[in-house]
Structures are given as structure tokens and as C-alpha cells.
Amino acid sequence: MPNENAKLEPIRILFAKGTDTGRKRDHNEDFLEALSPPDPVRRQQKGELFIVADGMGGHQAGEVASESAVRTITREYYADPNPNVAAALSSAVQKANGVIHQRAQETVSQVGMGTTVVAAVARGNDLFLANVGDSRAYLLRNGQLRQITRDHSFVEEQIRAGILTREEARHHPQRNVITRALGAKPEVEVDTYGGTLVPGDTLLLCSDGLSEPVGEEGIAHVLKQHSPGEAVPRLIGLAN
């Protein structure tokens, strides 16, 4: 039997990021961050943080919500002394929700704004994830792609209830209706996930602007063939 206490091979992370306005809108409501603290002690304690947020709301309020989410989560996560990464990450997302909700109450042009978010912390071989909405985290391991996070959407609820199949959901007219978002209410439920990274893994965080048009088969094909720096522009190109 394998020794469960055996030390895992240390992970060296290569990352790339990218975003694009796309062809449906005249402005980009996505905002993202990939942060590796330069201080090695800090990096060992808190890990490396990756976030994707997809905003919504008229008068470019979606841009405000997504940027506010990313900046608040980044600030609050690294300021939190709690050694429990999952708790600190969830708390940071909750605080971002409060900031966006409060801002929406104070500014007429931003009433109703909100954003989805998916965030990941890689600390050593440990992986921690948090999400609200339908922005996703995928993991490619040994050539197999799987979605780690669960969408908070109308069609996902219908799938789980056995009313829709995955294929039917992909083409459903209400496939973009989300049931949970940052900023919609004073409090929000944050889903968290934990796991282990091994050398050769590829983690992808993305909004539905990628996952919907490209699909898992297309995403897997690109991730298997290309490095992160090459995969990001290719995936954006496919989405467009």
C-alpha cells in the first residue's frame, strides 16, 4: 500500500492570465488577479492567490463590482492572520460581498450590480477554492479534465433535480441565470473546496465567457497541448 505520510514532490507553479471584451458587449466586465507574494515566508504562510470575477449590472456597474471583488478579496485574504486558508479565503469573499452590496446601496447608477467569483489558493501541495455564481475552476490531471466547483445557476439546480441533462442545460434559454452572486444581498453563502496538487496538474479558473462557448472538450484539448502562456490566448481565441 502507498505510504500516505510520504512527502509529496514540491510544486512549482507556472501561471498565465488573460481577459477579453469578446464579441457580445462593448466593454469588459471581467476582472482577474494572479498573485505570488515576493516574500518567501509570506508565500509559504498564505500561498499564491488566483481570482476571476465576472460582473453584472447596467451603466458599467459590472466592471465596478468585479474589480471591487478582486481587490477586496486580495487585500482581506493576505491581511487575515488566520492560518486556516479555507476560512480566510471564505471570509475575504464574504467581505467583498459586503463592500459591493453597500456600494450598490449608495450609488444610484450601481443599484443591482453584482459579480460571480472563483478564487484559488495554492500553498505548497495544498489547493483551496471558493466560488459564488457560475465562474468555474477546472483541474486537468493525467489527461482528464473535471470541473471542481459547482455552478450556482438555474440550470445546475435543474440538473441536480434530474429535470435537465447536461446537454439540455448547455442550450437552455435560462442557462445564464445565476442563483447566487456577490453584492445581491447583505450576506452570501460561499462554497469552499480543498484538495491536493501534484506535479503536472493544470488548474483553470474562468468565467462563463469561456466555459459556455468552448466547452470542456475544447478546454481540455488546449490545456493538454499547450503551456499556460500559450493556452490562455488560444482559449480566448476559441471563445471569440
Side-chain angles (χ1 to χ4, degrees), residues 1-19 30-53 66-99 115-133 135-142 144-150 182 188-207 223 226-232:
M1 292 181 66
N3 181 3
E4 293 181 357
N5 296 317
K7 279 196 170 184
L8 292 167
E9 186 179 336
I11 294 288
R12 185 171 70 94
I13 294 178
L14 301 176
F15 62 84
K17 61 181 180 178
T19 184
D30 291 354
F31 201 82
L32 50 86
E33 181 61 279
L35 185 62
S36 180
D39 178 6
V41 175
R42 190 72 170 153
R43 192 164 61 247
Q44 185 178 24
Q45 291 173 339
K46 300 293 287 186
E48 296 168 276
L49 177 64
F50 308 92
I51 314 172
V52 170
S66 60
E67 181 174 354
S68 180
V70 171
R71 295 198 185 284
T72 303
I73 292 168
T74 302
R75 181 181 68 248
E76 296 293 338
Y77 173 73
Y78 281 109
D80 193 336
N82 189 346
N84 184 322
V85 173
L89 186 59
S90 179
S91 175
V93 175
Q94 289 277 7
K95 288 177 180 176
N97 177 76
V99 167
T115 184
T116 69
V117 70
V118 59
V121 172
R123 188 182 69 176
N125 292 86
D126 294 323
L127 175 66
F128 305 88
L129 293 158
N131 83 300
V132 175
S135 288
R136 296 177 176 178
Y138 290 99
L139 181 69
L140 179 74
R141 176 176 291 172
N142 298 326
Q144 298 296 314
L145 184 76
R146 67 182 179 94
Q147 181 181 339
I148 306 175
T149 53
R150 192 179 79 203
L182 295 191
V188 70
E189 184 180 352
V190 181
D191 284 359
T192 57
Y193 310 79
T196 302
L197 292 169
V198 299
D201 282 352
T202 300
L203 181 71
L204 172 70
L205 306 185
C206 67
S207 70
L223 294 184
H226 302 283
S227 68
E230 296 170 334
V232 168

Using 0.5 Å steps for rounding, measure from the [atom1] atom of [X] to the [atom2] atom of [Y].
| X | Y | atom1 | atom2 | value |
| --- | --- | --- | --- | --- |
| R123 | I11 | CZ | CD1 | 14.5 Å |
| R146 | L140 | CZ | CG | 11.0 Å |
| I148 | L145 | CD1 | CG | 9.0 Å |
| T72 | E67 | OG1 | CD | 9.5 Å |
| T196 | N125 | OG1 | CG | 7.0 Å |
| L89 | I73 | CG | CD1 | 7.5 Å |

(message) Given 3.5 Å as the limit, does a donor-acceptor pair link the side chain of N131 with the main chain of R150, or not?
(response) yes
(request) Say whether, by atom type as modelled, one donor and one acceptor occur between the side chain of S36 and the main chain of E48 under 3.5 angstrom. (result)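 Flag not set: sc S36 to bb E48 has no pair under 3.5 Å.
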(message) With a 4.0 Å cut-off on N to O distance, would you call E33 and R71 a salt bridge?
(response) no
(message) With a 6.0 Å cut-off (strictly less than), is the heavy-atom count around CG of D39, excluding the residue itself, greater than 12?
(response) yes
(message) Tell me whether Q44 at atom CD has more than 12 heavy atoms from other residues, nucleotides or ligands lying less than 6.0 Å away.
(response) no
How close do [X] and [Y] get, counting heavy atoms only, and between which atoms?
| X | Y | result |
| --- | --- | --- |
| L197 | R141 | CA-NH2, 4.0 Å |
| S135 | S207 | OG-CA, 3.6 Å |
| A86 | T192 | O-CG2, 4.3 Å |
| V93 | A130 | CG2-CB, 4.3 Å |
| L129 | A120 | CD2-CB, 3.3 Å |
| T115 | A69 | CG2-CB, 3.8 Å |

(request) Report yes if some heavy atom in the side chain of I51 is under 4.5 Å from a heavy atom in the side chain of T74; otherwise report no. (result)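 Counting from C-beta outward, I51 and T74 do come under 4.5 Å.
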(message) Is the shortest side-chain heavy-atom distance between V188 and Q94 below 4.5 Å?
(response)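 Yes. Closest side-chain heavy atoms under 4.5 Å.
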(message) Going by side chain to side chain contact (heavy atoms under 4.5 Å, CB included), Y138 matches just one of T149, L204, T202, L203. Which one?
(response) L204
(request) Establish, yes or no, whether the cationic atom of K46 lies under 6.0 Å from the six-membered ring centre of Y77 and within 45° of the ring axis. (result) yes
(message) Run V52 and D30 through side chain to side chain contact (heavy atoms under 4.5 Å, CB included) and show every step you take.
(response) CA-CA 7 Å; V52 170; D30 291 354; 5.7 Å; no
